[in-house]
Amino acid sequence: MYSLGERQAKEGFERGRSRPSRPRARREASPTTAPNTNSNPNLRCGSGGPRAKHLTTQIGGSSASLPARMGYFTVTCEWVTRLGVVLACLLTSIETRAETPKETPTEPAPNAGTQAEAQGEAQKAPSKQPPHAPAATTSATPAEPTPTKPAEDASPAKATGGTQPQATEEPEQESGLRVRKHTLSNGLRVVMSPDQTVPTVAIAMYYDVGSRNEKPGRSGFAHLFEHMMFQGSANVAKGEHFQLIMNRGGSVNGTTSVDRTNYYETLPSQELALGLWLEADRARSLAITQENFENQRQTVMEERRQSYDNRPYAKSMLRINELAYGDYFPYAHSTIGKMEDLRQAPLSAVQAFFNTYYAPNNAVLSIAGDFVVEEAIALVEKYFGGLASRQTPRFEAGRVNPPQAERFETMQDPLAELPAFHIAYHIPPDRSSDHYPLELMAIILGDGDSSRLYQELVKQRQVLQEIHVSTDGRRGPDLFSVWAIVASGQSAQEARSAFYRNVEHIAKKGVTVRELEKAKNRVRSAFVFGLETNLARAQRLAEFEMYWGDAKLLNSEAERYLKVTNEDIMRVAGQYFAASNRTVLDVVPAPKSLPSTQPTSIRDGYGGNHGEASEIAQREVAR
């Protein structure tokens with residue numbers, strides 16, 4: 001339903017927020033490079049949402065907002081890139097057939113296994129050249145051999161000089177994904193989903209660290225480090241990671257969210273070894289230098305200026321979280337971080353961050369596409385097996401202090417042309433039992449042109465220009481969010497009152513049979529189409545393995561939505577939408593003389609934590 005561009009608009013624009021399979025867009029930081037041609041397909045119906053989800057399925061018209069157009073552009077780029085990868089693979093195959101004379105198959109030489117064993121021993125140390133790169137003529141060490149399917153005697157076990165790797169596999173279910181799992185001795189969890197439909201392979205490396213792991217005074221570190229991971233390593237020069245992938249018709253990127261950081265590549269299937277080698281090399285020997293650090297610090301600071309300081313409504317995307325979460329720092333502060341924290345960050349703190357969180361026992365490696373499982377395991381053992389595990393602090397989620405009354409604030413935005421507003425309600429974490437009916441309720445209320453509130457407030461009464469309702473999909477305490485832009489000359493309060501009436505009506509009368517059926521149909525389609533690419537499957541499987549402890553849960557995820565009843569929706573509508581559980585942020589166009597976003601009135605149920613956006617505004621006014 002939602003593209004990566006829409007999702008980027010979501011968290012922000014907030015360093016972003018589509019998840020595949022499970023229908024809901026997740027809050028996510030925008031990628032390190034732009035545009036991301038094979039973007040994160042994490043699509044989830046009714047979530048990830050409203051924040052700047054000027055994002056509905058029907059983007060692309062002349063009236064679409066900037067984030068929507070970004071989404072349309074990203075979707076177009078994604079399909080163009082997929083076509084490019086397939087064409088590259090076909091051309092490679094044609095060239096290979098033209099150059100290679102046909103030979104009669106022969107039995108492998110008797111000493112093939114012995115030669116493979118010796119070669120495996122020689123290659124235990126990491127190579128200084130990537131797979132497929134030609135060896136320098138003066139080098140005493142031979143280059144990595146071109147990865148090919150081994151002959152019968154040169155099995156993956158022999159090629160690595162060890163015992164045959166074993167992977168667990170769940171019996172295939174009807175319409176289910178094939179999922180294989182393997183764990184290295186250093187704690188790295190490997191999830192694999194082989195599928196020979198398209199001759200490409202996707203690699204997704206997930207580290208269990210996001211902005212929720214940051215400490216006060218060190219905000220923005222998770223995202224800053226995402227940038228650092230592309231600055232070179234012991235055997236890969238600065239920028240060469242991109243070059244090696246893209247020269248082979250692939251795509252590569254990374255993103256940061258509140259809950260994790262990920263890096264991913266899509267390549268022709270014969271280049272699997274290259275992608276794994278690149279990921280392992282930077283995990284082992286990232287180039288953390290003062291020059292690289294300073295360069296990326298300035299890049300991130302400029303990104304903040306572009307993504308927030310110079311975009312209408314962007315700072316409100318940060319402010320609503322500050323208001324709703326209050327003193328709960330893991331989710332109250334932004335993924336992009338504060339400018340002053342970025343300026344003051346020392347190199348030693350960045351090195352410590354890498355040593356703490358970028359360990360194999362704190363990561364999940366996911367591979368999906370055209371590959372042989374046993375060969376993939378052998379390559380993973382070869383490149384990642386030598387990484388040392390490290391002590392990683394366990395994240396303590398803590399509790400959100402419940403508000404005592406509705407929190408309300410009005411914020412002025414000098415870049416906004418029309419009024420807008422956010423509404424946020426505290427709800428349980430993602431994948432908790434009540435989360436599923438809440439997601440379906442969000443779809444029914446404000447997800448798409450046929451939703452209740454779009455039809456009433458945009459099409460019929462023309463009170464709003466757009467409205468989006470969703471859950472945010474966090475691992476920890478979550479929010480049910482509403483984002484709307486008010487039509488010229490109309491009242492935000494009138495639109496909010498209509499939302500409150502609809503929620504009350506659902507709590508008493510429920511939803512119609514047709515509405516519930518339509519919402520479930522959207523879940524089904526999002527689940528199927530959200531997993532159609534290798535990259536989407538790799539990312540979703542890695543996410544489920546990291547977040548919930550078992551990638552195989554993805555196969556049964558859609559059923560949890562389909563089991564939701566009208567009574568479930570009535571129950572959650574009556575349970576979570578009290579005024580005392582509500583945060584409201586009004587955004588109004590500021591007089592052109594005001595230099596920055598400024599809160600003009602505050603009614604704070606937490607007792608005065610006005611957060612980053614307010615601090616910025618107060619400093620500007622003081623000037």
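This one's a predicted model, so the numbers in the text were calculated from it and none came from an experiment.
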Value rounded to 0.5 Å, distance of CG in Asp195 from CD in Glu532: 11.5 Å
Mark yes or no for whether Glu240, through its side chain, and Gly232, through its backbone, hold a donor-acceptor pair below 3.5 Å. no
Rounded to the nearest 0.5 Å, the CG atom of Leu535 sits from the CG atom of Leu267 at a distance of 11.0 Å
Looking only at heavy atoms, what is the nearest atom pair of Val201 and Ser269, with distance? CG1-CA, 3.9 Å
Glu291, CD atom: more than 12 neighbouring heavy atoms under 6.0 Å: no
With a cut-off of under 6.0 Å to the ring centre and 45° to the axis, is Arg212 in cation-pi contact with Phe395? yes
Distance-only donor-acceptor check, side chains Arg260 and Thr255, under 3.5 Å: yes
Answer yes when Glu557 and Arg540 have at least one side-chain N-carboxylate O distance shorter than 4.0 Å, and no when they do not. no
Main-chain N/O of Ile336 paired to Arg304 side chain as donor or acceptor, under 3.5 Å: no
Under 3.5 Å: donor-acceptor pair, side chain of Arg248, backbone of Leu244: yes
Any donor-acceptor pair under 3.5 Å linking the side chain of Glu226 with the backbone of Thr256? yes
If you take all heavy atoms of Ile367 and Ala376, which pair is closest and at what distance? CD1-CB, 4.3 Å
Check: Gly210 main-chain N/O paired with Asn213 side-chain donor or acceptor under 3.5 Å: yes
Any chance the side chains of Ser257 and Asp259 put a donor and an acceptor closer than 3.5 Å? no
Between Glu543 and Arg475, does any side-chain N to carboxylate O distance fall below 4.0 Å? no
Answer whether the closest heavy-atom distance between the side chains of His333 and Lys338 falls below 4.5 Å. no
Yes or no on side chain to side chain contact (heavy atoms under 4.5 Å, CB included) for Met546 and Val191, after CA distance, side-chain angles and deciding distance? CA-CA 10 Å; Met546 175 167 286; Val191 180; over 6 Å; no
Can you tell me how far apart NE2 (His223) and CD (Gln296) are? Round to the nearest 0.5 Å. 9.0 Å
Closest non-hydrogen atom pair, Leu541 against Ser366: CB-OG, 4.0 Å
Cation over ring, Arg282 on Tyr263, under 6.0 Å and within 45°? yes
In short, Asn555 meets Leu177 closest at the heavy-atom pair OD1-N, 2.6 Å
Quick check, are the ring centers of Tyr358 and Phe225 under 6.0 angstrom apart? yes
Quick one: does Asn292's side chain get under 4.5 Å of Lys238's, heavy atoms only? yes
Report yes if some heavy atom in the side chain of Thr392 is under 4.5 Å from a heavy atom in the side chain of Tyr207; otherwise report no. no
Keeping Gln539 on the side-chain end and Ala204 on the backbone end, is there a donor-acceptor pair under 3.5 Å? no
Are any of the side-chain heavy atoms of His241 and Val252 separated by less than 4.5 Å? yes
Here the gap from Ser389 atom OG to Leu188 atom CG, rounded to the nearest 0.5 Å, amounts to 11.0 Å
To the nearest 0.5 Å, tell me how far Thr200 OG1 sits from Leu272 CG. 11.0 Å
Does any N or O in the side chain of Asp472 come within less than 3.5 Å of the main-chain N or O of Asp478, such that one atom is a donor and the other an acceptor? no
Using a 3.5 Å distance criterion without hydrogens, assess whether the side chain of Arg284 forms a donor-acceptor pair with backbone atoms of Tyr383. yes
Just so I know, are the side chains of Ile377 and Met192 near enough to count as touching, which here means a heavy-atom distance under 4.5 Å? yes
Closest non-hydrogen atoms of Ser211 and Ala222, given as atom of the first, atom of the second and distance, are N-CB, 3.9 Å
Check against side chain to side chain contact (heavy atoms under 4.5 Å, CB included), Phe544 and Arg431: CA-CA 11 Å; Phe544 265 65; Arg431 294 196 78 247; 3.7 Å; yes
Do the side chains of Arg297 and Glu294 get close enough for a salt bridge, i.e. N-O under 4.0 angstrom? yes
Identified side chain to side chain donor-acceptor pair (under 3.5 Å) partner of His182 from the options Arg189, Glu381, Glu374: Glu381
So, do Arg474 and Asp430 sit near enough that their side-chain heavy atoms are less than 4.5 Å apart? no
What's the spacing between Glu340 CD and Ser219 OG if we round to 0.5 Å? 8.0 Å
Which heavy atom of Leu387 sits nearest to which heavy atom of Ala283, and what is that distance? CD1-CB, 4.0 Å
Scan for side chain to side chain donor-acceptor pair (under 3.5 Å) pairs involving residues 345-356, sequence neighbours excluded, and state none if there are none. Gln351-Asn355
State, yes or no, whether a side-chain contact exists between Asn534 and Thr266 at a heavy-atom distance under 4.5 Å. no
I'd like to know whether Ile203 forms a side chain to side chain contact (heavy atoms under 4.5 Å, CB included) with Phe371, so could you lay out the CA-CA distance, the side-chain angles of the two residues, the decisive distance to 0.1 Å, and finally the verdict. CA-CA 11 Å; Ile203 300 167; Phe371 66 96; over 6 Å; no
Side chains of Glu302 and Gln298: is there a donor and an acceptor less than 3.5 Å apart? no
Does atom CE of Met246 have more than 12 heavy-atom neighbours, drawn from other residues, nucleotides or ligands, at distances under 6.0 Å? no
Under a 4.5 Å cut-off applied to non-hydrogen side-chain atoms, are Tyr331 and Asn321 in contact? no
Atom CD of Gln391: over 12 foreign heavy atoms under 6.0 Å: no
For side chain to side chain contact (heavy atoms under 4.5 Å, CB included), just list the numbers for Phe293 and Ile288, CA-CA rounded to whole Å, side-chain angles, deciding distance to a tenth of an Å, and then say yes or no. CA-CA 7 Å; Phe293 172 53; Ile288 304 176; 5.7 Å; no
Is the backbone of Arg390 close enough, under 3.5 Å, to the side chain of Asn361 for a donor and an acceptor to pair up by distance? yes
Taking Arg178's backbone N and O only, do any of them form a donor-acceptor pair with Ser193's side chain (distance below 3.5 Å, no angle check)? yes
